Amino acid sequence: MQYGQPFLGCLPTFPPVTKVTGMDTLLPVASGGAAGPLTADELRELYSLMVAVRHLDTSAIAWQRQGIIPGYAPELGQEAAQVGSGYAVDTTRDFVFPTYREMGVARTMGVDMVAYMSTHKATWHGGLYNPLESRLAPIQAVVAGSVLHAVGWAHGQTLAAGSDATTDGGLGVALTYFGDGASSQGDVHEAMNFAAVMKAPVVFFVQNNGWAISVPTERQVAGGSVAARAAGYGMPALQIDGDDVVAVVEATRRAFAHARAGNGPVLIEAMTYRRGPHSTADDPGRYRSLDEERDGAGADPLERLRQRLLADGIADEAFFAEALAAAKAEEEQIRTGIQALGSRPGTEMFDLVFQETTPALQAQAANWREESEHV
Amino acid sequence: MQYGQPFLGCLPTFPPVTKVTGMDTLLPVASGGAAGPLTADELRELYSLMVAVRHLDTSAIAWQRQGIIPGYAPELGQEAAQVGSGYAVDTTRDFVFPTYREMGVARTMGVDMVAYMSTHKATWHGGLYNPLESRLAPIQAVVAGSVLHAVGWAHGQTLAAGSDATTDGGLGVALTYFGDGASSQGDVHEAMNFAAVMKAPVVFFVQNNGWAISVPTERQVAGGSVAARAAGYGMPALQIDGDDVVAVVEATRRAFAHARAGNGPVLIEAMTYRRGPHSTADDPGRYRSLDEERDGAGADPLERLRQRLLADGIADEAFFAEALAAAKAEEEQIRTGIQALGSRPGTEMFDLVFQETTPALQAQAANWREESEHV
Amino acid sequence: MSNSILESANAAASTSAGTPASTTVMSMQQALNRALDEVLAENPKAVIFGEDCGRLGGVFRITDGLQAKHGEQRVFDTPLAESGILGMSVGLAMAGFHPIPEVQFDGFAYPAINQIVCQIARMNYRSRGALPMPITLRVPSFGGIRAPEHHGESLEALFAHVPGLKVVSPSNPHEAYHLLKHAATRPDPVIFMEPKSRYWQKGEVDMADGGTPEGAKVMREGRHLTLVAWGAMVARCLQVAELAAEDGIEIEVLDLRWLKPIDAGALAASVRKTRRAVVVHEAPLTSGLGAEVAQLITQSCFDTLKAPVERVTGFDVPYPSGDLEDEYIPNIDRILFGIQRVLEYKRG
Amino acid sequence: MSNSILESANAAASTSAGTPASTTVMSMQQALNRALDEVLAENPKAVIFGEDCGRLGGVFRITDGLQAKHGEQRVFDTPLAESGILGMSVGLAMAGFHPIPEVQFDGFAYPAINQIVCQIARMNYRSRGALPMPITLRVPSFGGIRAPEHHGESLEALFAHVPGLKVVSPSNPHEAYHLLKHAATRPDPVIFMEPKSRYWQKGEVDMADGGTPEGAKVMREGRHLTLVAWGAMVARCLQVAELAAEDGIEIEVLDLRWLKPIDAGALAASVRKTRRAVVVHEAPLTSGLGAEVAQLITQSCFDTLKAPVERVTGFDVPYPSGDLEDEYIPNIDRILFGIQRVLEYKRG
Ligand SMILES: Cc1ncc(C[n+]2csc(CCOP(=O)(O)OP(=O)(O)O)c2C)c(N)n1
Ligand SMILES: Cc1ncc(C[n+]2csc(CCOP(=O)(O)OP(=O)(O)O)c2C)c(N)n1
Ligand SMILES: [Mg+2]
Ligand SMILES: [Mg+2]
């Protein structure tokens with residue numbers, strides 16, 4: 001307890017964090033592994049991923065207009081934040097908790113994209129992919145709904161490691177995504193406090209994209225920054241340019257290393273911009289002008305990477321064309337898969353509720369079969 | 001939006017707040033009014049209040065042992081925090097939101113103490129006092145339950161004031177109490193964020209008494225300080241010695257002035273210690289030793305004030321004796337009132353649910369009368 | 001019987017003969033918007049707020065244009081936190097306002113349940129009437145729009161069980177206009193459940209004459225069986241009644257309207273006449289409001305009932321994704337099967 | 001009839017004849033503590049946590065001594081946030097643990113309802129069985145101990161309505177021991193509602209033979225009327241049956257035990273025999289679980305029932321303060337009045 005002074009003053013100052021070098025100052029190319037700067041191969045891979053995500057994302061909006069899927073939540077402009085952070089995940093031991101807008105993360109982690117996109121086809125809430133195998137929790141429609149899950153999962157890693165928290169190369173880390181809007185939810189506070197009290201290996205990854213549907217960040221996040229909240233929990237925070245994929249990869253890797261070593265949680269606030277509508281049902285013209293949109297969005301993260309790769313001679317136009325062609329082929333394959341995807345059988349409604357079903361539920365299933373399937 | 005830098009660094013530094021002078025450094029006696037330092041009369045009044053509260057509080061434990069009331073949540077050691085903060089309230093325009101442990105605040109505000117203590121006699125949840133007239137919301141048993149109410153009430157003051165927020169000497173201010181344990185609840189985060197976004201005139205008054213039942217602050221409040229959370233919302237915070245009644249009065253007055261002038265919310269964290277059990281049902285010996293208790297508690301706030309008043313010649317033994325005698329007489333009167341307090345009639349169960357009752361409820365009331373009152 | 005009848009039958013529910021002069025055709029969205037506009041104009045203490053309620057006018061446009069007309073002090077956006085929105089409502093009510101908060105979708109009322117149950121529903125009681133809670137909580141409710149998870153829930157059984165709350169749900173634009181105007185001027189908390197699948201259906205609204213705002217309402221008279229429903233299921237039951245009439249079965253359709261307090265008298269009156277009843281709701285079967293309705297009917301009509309009251313409801317499963325929605329929500333077939341069971345019931 | 005019978009009758013409920021060797025007399029608190037101790041010993045993945053669960057052993061001492069015995073990794077205190085506790089449980093379950101969280105009192109489950117309803121109850125379904133939720137949530141429940149506000153609530157109707165949850169409540173130490181051991185080894189989420197007013201009542205526990213852990217249980221046979229109850233009301237109903245027996249009325253007392261899924265077969269079997277039923281619970285009447293029980297009985301026994309099922313319950317009012325508690329909770333008088341109404345029912 002802090003006694004002795006009648007007025008104890010305010011606020012411990014947060015220890016400064018070394019800057020993460022991003023591509024706009026200097027593109028850090030090296031031959032080192034995951035711990036060091038990015039290699040040329042990695043940078044090209046990041047570009048290919050971003051193109052694939054961009055193309056799939058914009059195509060999904062077209063799918064919705066064409067009636068292939070009933071709705072979609074685009075991530076236009078957030079490709080660097082998503083691909084960069086997903087790129088830092090070790091899918092042999094980490095676990096990722098997405099919202100409804102992390103298609104780019106899923107793609108980067110290698111999740112089956114037909115299974116992923118099935119949620120937007122209204123096939124199955126949460127998606128058809130296997131979350132355990134893909135290390136990606138089901139798609140989460142409750143804003144801030146899974147942030148606490150990440151803390152519980154992470155604490156489970158601490159418990160499983162017992163006293164040897166740092167053997168085996170360290171702990172599995174939970175990476176949880178949420179938005180500037182979600183940061184207002186009580187669950188996010190509870191999650192940060194729990195994680196920091198328990199020193200759980202969690203990386204809180206906020207995509208501050210400027211908007212929560214129609215509400216801008218300045219009417220949402222008091223104080224102006226989600227990262228600024230971390231100090232109050234004694235937790236390190238990085239506020240990064242979320243449109244700089246190199247900065248994102250490096251910040252996320254740094255945060256993973258911190259958490260993996262048993263030092264507790266880290267918060268990353270990736271500053272980005274939601275260039276498109278909130279969802280295909282949204283009409284942004286009602287709450288922001290095109291001028292505001294252009295000003296807020298700044299430079300396109302994909303184009304920024306392209307320019308740097310060109311300038312530094314890491315990739316050429318042929319590479320970009322190839323990447324785009326691959327993205328197009330991939331989208332076509334996913335679209336075909338989605339179009340071929342039938343409805344799930346109605347019996348799954350009943351069969352998947354429990355591990356051990358109940359007589360009452362079986363009776364209802366029988367009744368349903370009789371009345372709806374006429375068997 | 002903050003762009004342009006690949007790594008934006010962390011955390012705005014919070015502007016320093018001028019220190020509030022407390023009695024341990026210098027007893028600020030002056031002839032000034034509420035805005036300036038405390039007068040000798042005020043200091044003596046504070047002592048009288050603290051003695052009255054101390055005596056009533058310790059007596060209430062005895063009442064419980066004697067079977068006069070079924071339970072009680074003592075505040076031994078928190079008299080300075082409660083009396084000092086309650087003393088800053090202007091009951092003509094402010095509104096106070098207590099927890100279940102703010103007897104000292106209620107007494108300081110002049111609430112009818114028989115009506116207040118009735119809640120501990122199991123007469124009526126929330127107490128029998130009129131919250132509108134006394135400017136004290138009903139006793140709140142949900143931890144953090146009323147913190148958001150304070151924000152709503154305060155925003156109502158802003159709305160009522162319209163564009164003339166600072167006419168009439170400023171806004172009515174909501175003063176909301178909660179504990180270190182309560183600070184973990186999501187509602188507290190939502191309340192702080194709402195208040196700061198809306199610039200609502202709220203004073204968040206945390207009594208950090210070291211414990212939430214059996215859980216010490218260090219296993220509860222990540223980062224170690226609730227006050228440190230405020231910066232994350234862009235809100236000023238004062239962490240004060242909550243056992244120094246002068247520091248408490250002055251900090252609270254300062255916070256009120258800030259909020260009243262339309263500058264938005266302030267957080268005060270009063271560092272104190274719960275010297276007794278959590279409630280009359282608790283057994284602190286199971287989770288803390290007597291040595292720990294003594295160390296944590298430090299000097300008794302009442303004794304500290306007594307020593308200063310003596311040292312500065314503001315009060316003498318005769319005054320202290322008189323104050324104690326008054327406290328005893330008052331306790332006796334309250335006890336007599338409590339003992340005379342009958343049960344509320346069962347019909348109130350039904351009659352007070354709604355402003356406009358319903359036929360279904362009336363039917364249940366009739367049924368109850370028939371079966372239980374045999375009418 | 002085929003489900004294809006479903007698609008064409010929406011209109012039937014909202015037309016009526018002998019239109020009075022004060023009648024206008026509008027959608028439920030328009031009717032609700034109009035009601036809120038008038039409430040704001042009539043009561044300076046009424047305030048509307050929630051997520052995206054202000055500038056955007058709500059994701060369903062129920063508050064469209066209200067901020068522009070009544071100002072940012074009367075109609076405003078809040079941060080994204082439902083407990084915050086409802087907790088703030090308590091404080092505003094204590095300060096003398098009439099809050100009309102919105103929860104964006106049914107499933108997002110859960111984060112606010114603590115404030116609703118422990119605070120809003122009890123503050124009048126706790127304060128012995130000194131602090132009334134005139135809070136009208138609008139909740140776009142129920143399923144049927146192929147929406148994402150948590151956007152198709154039916155919380156009426158939960159709300160109806162909470163002492164201190166009143167709960168109402170309109171079934172058409174006329175009801176929506178009058179019930180909202182009524183609810184939003186009451187001194188007690190009312191949960192106003194809007195059937196979101198009916199927002200864009202048009203119907204005649206008699207602005208001048210709403211009839212009594214209390215209790216249930218017979219939407220169609222009949223003598224062979226009573227169908228009890230609320231919200232979006234009323235229109236579906238009216239379609240069913242239409243179909244059954246072709247077979248000479250005259251079904252009475254009772255729009256329960258108030259889910260708390262339930263109009264037990266209206267249930268008794270109808271079933272005493274028809275001697276048979278089926279209750280229909282979207283919520284899961286077990287511990288749903290259908291049980292309460294069935295039990296109220298059984299209690300008052302035990303001697304006259306020809307068959308046990310039947311329940312046609314959603315299943316005891318999480319509300320499914322769009323592809324399976326029509327399997328989950330009671331459809332015409334399933335309601336007709338329920339009716340058949342009751343009609344064919346033989347004692348012994 | 002006088003309420004004074006109430007005080008002396010607790011013992012009756014927990015004694016039985018012909019005690020086998022494996023039987024021990026203990027309180028429900030001891031039985032629950034023992035069950036948790038064994039679950040921790042048998043399953044290394046079981047973890048217990050909540051507010052004051054660790055060092056203090058819980059405010060009701062149900063986890064007393066478990067941290068000292070099994071270590072701070074297995075039994076630990078959390079910060080004071082119920083949504084946090086339940087949300088964390090989801091993540092622990094995803095990581096392969098069997099969380100046994102505690103919510104300190106019934107009324108403080110409300111802040112966690114969002115995580116319970118939208119996450120715990122749905123994760124198995126959402127993940128298509130890949131992420132089971134073997135979470136056993138212990139909730140000290142119901143009233144009767146003159147506690148502060150929010151410490152005497154009955155949430156079973158809410159929980160039972162949620163698809164994906166199972167709900168159980170023990171009525172005596174024997175049931176407590178066996179049902180908790182059963183619940184805490186299941187792969188699905190179970191809400192375990194402990195009747196806090198019975199924690200200190202002693203009874204015989206046959207450790208070796210718990211009988212079937214599933215379904216309802218006849219606690220006393222009878223042929224004139226079935227009393228259905230759960231939790232603390234079972235003991236009260238047994239007292240009532242004792243009293244009624246003096247007047248030659250033989251009452252069957254059915255301990256429902258599982259509030260979801262409800263054992264509809266046991267209800268039918270009993271009432272087919274007795275032809276009359278009264279259901280008793282502490283929760284408010286409207287939309288309470290009594291409606292579901294009554295409707296299930298009516299559906300299966302419509303032809304045999306001599307009278308409508310009667311409900312004797314708490315009222316539609318916020319749970320009152322200690323002074324009025326005995327007016328609110330169904331007491332012996334009110335249960336007997338309910339029985340009388342059923343017995344004297346004459347068809348009109
Ligand atoms: C608990 C809850 N409340 C409301 C909603 C409705 N809703 C869906 S997305 C959204 C905005 C979220 O904003 P943000 O967290 O910034 O994420 P973004 O959409 O910008 O990616 C809202 C209000 C929801 N899904 N969950
Ligand atoms: C929402 C909620 N959860 C749990 C409780 C049970 N409870 C009552 S007081 C308390 C500890 C509160 O600690 P703190 O906020 O520090 O206040 P203090 O008791 O120290 O004054 C707990 C856990 C409650 N009343 N409300
Ligand atoms: Mg956003
Ligand atoms: Mg405390």
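This structure is a prediction, so every number in the text was calculated from the model and none was measured.
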Review point. Does A:Ile213 reach the side chain of C:Gln104, with side-chain heavy atoms less than 4.5 Å apart?
Key: yes
Check your understanding: A:Gln220 versus C:Leu80: any side-chain heavy-atom pair under 4.5 Å?
Key -> yes
Revision key, fill the gap. Cut-off 4.5 Å, heavy atoms of chain C, and the answer for A:Asp180 is neither
Point to revise | Structural part of A:Pro345 lying under 4.5 Å from a heavy atom of chain C | key: backbone
Check your understanding: Take atom CZ in C:Arg34; do more than 12 heavy atoms of anything else shown fall under 6.0 Å from it?
Key -> no
Review point. Do you know which two heavy atoms are closest between A:Tyr287 and C:Leu56, and how far apart they sit?
Key: CD2-CD1, 3.7 Å
Review point. Side chain, backbone, both or neither: which part of A:Ala360 has a heavy atom under 4.5 Å from chain C?
Key: neither
Review point. Would you say A:Leu361 and C:Phe315 make side-chain contact, with heavy atoms under 4.5 Å?
Key: no
Point to revise | Nearest-0.5 Å distance, CG of residue C:Asn331 to OG of residue A:Ser372 | key: 5.5 Å
Point to revise | Contact class of C:Glu82 relative to chain A, heavy atoms under 4.5 angstrom | key: both
Practice item. Quick one: which of A:Trp368, A:Phe354, A:Trp124 has the most heavy-atom pairs under 4.5 Å with chain C, could you say? Key: A:Trp368
Check your understanding: Do you know which two heavy atoms are closest between C:Tyr319 and A:His125, and how far apart they sit?
Key -> O-CD2, 3.4 Å
Practice item. Decide if atom CD of A:Glu373 counts as having more than 12 heavy atoms of other residues, nucleotides or ligands within a radius under 6.0 Å. Key: yes
Point to revise | Whether A:Glu371 side chain and C:Phe337 backbone form a donor-acceptor pair below 3.5 Å | key: no
Check your understanding: What do the steps show when you test C:Arg61 against A:Arg286 for side chain to side chain contact (heavy atoms under 4.5 Å, CB included), and what is the final call?
Key -> CA-CA 11 Å; C:Arg61 310 290 185 261; A:Arg286 294 178 70 101; 3.3 Å; yes
